[in-house]
Amino acid sequence: MKPSPLTRRCTSCGDEHMVAVKRRWTGFGYEDDYECPSCHYKVALSQPGLVGLQILVWILGSSIFSWFWVIGNRFADFFDYGFVVFIWLIGAFSCLPEAWQLRSHRATGFIPTATSLDETDTTNPSDISQATSRVFSRFGALLMPVIAILAIIGILAIAALIGYVKDYVL
Ligand SMILES: [Zn+2]
């Protein structure tokens, strides 16, 4: 896979043209290795879409867990509440530092590409896929969780429809 097309701000010298030189598979997702052209500062950043999904899973998972463990439990005591807080904190420590890293090395723009300079190529389909990948690089942290939620709603709607057809139509 190609590294992210985004340029990012260097936290070491303030240069706004840090570029991703390599994309690596970490076992959980892709990370981009960014390098600053001015001071050679290096940093590995998770894909924004992946971090967005982790935050979604953290909030949804912890909410469901909290519901079952204390809110729906009339006999919840001090230790149950402590345990739920602990679960929330574990999730926070696992995904918020990555989100913070992306935030502090904020995106500043896109690397100029050969195709965008070539004006005769503006209507070919690869530009559309390139545009899509740019939108995802830029807004992935918000888009991915939204798409995941829509997909879940879609699956539930289809399941409900199948159930409805089976019960009332057939
Ligand atoms: Zn720098």
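Every heavy atom of this structure was used, including side-chain atoms; hydrogens, water molecules and symmetry mates were not. Numbering of ligands and ligand atoms starts at 1, following listing order.
Surrounding CH2 of Trp58 are more than 12 heavy atoms belonging to other residues, nucleotides or ligands, all under 6.0 Å away.
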For this session: Run the numbers on His105 and Gln101 for side-chain contact (heavy atoms from CB on, under 4.5 Å), then give the verdict.
Result: CA-CA 6 Å; His105 302 88; Gln101 281 280 74; 3.4 Å; yes
For this session: Please lay out, stage by stage, how Phe86 and Tyr81 fare under the test ring-ring contact (aromatic ring centres under 6.0 Å, His included).
Result: CA-CA 9 Å; Phe86 179 66; Tyr81 281 97; over 10 Å; no
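Here the protein contributes Cys10 SG, Cys13 SG, Cys36 SG, Cys39 SG as N, O or S atoms under 2.8 Å from the Zn ion (ligand 1).
The residue from Ser62, Ser63, Ser66 that alone fulfils the side chain to side chain donor-acceptor pair (under 3.5 Å) condition with Trp88 is Ser66. No option in Ile162, Leu156, Ile155, Leu161 other than Ile162 meets the side chain to side chain contact (heavy atoms under 4.5 Å, CB included) test with Ile158.
Summarising the geometry, atom OH belonging to Tyr30 is positioned 8.0 Å from atom CZ belonging to Arg23; distances are rounded to the nearest 0.5 Å.
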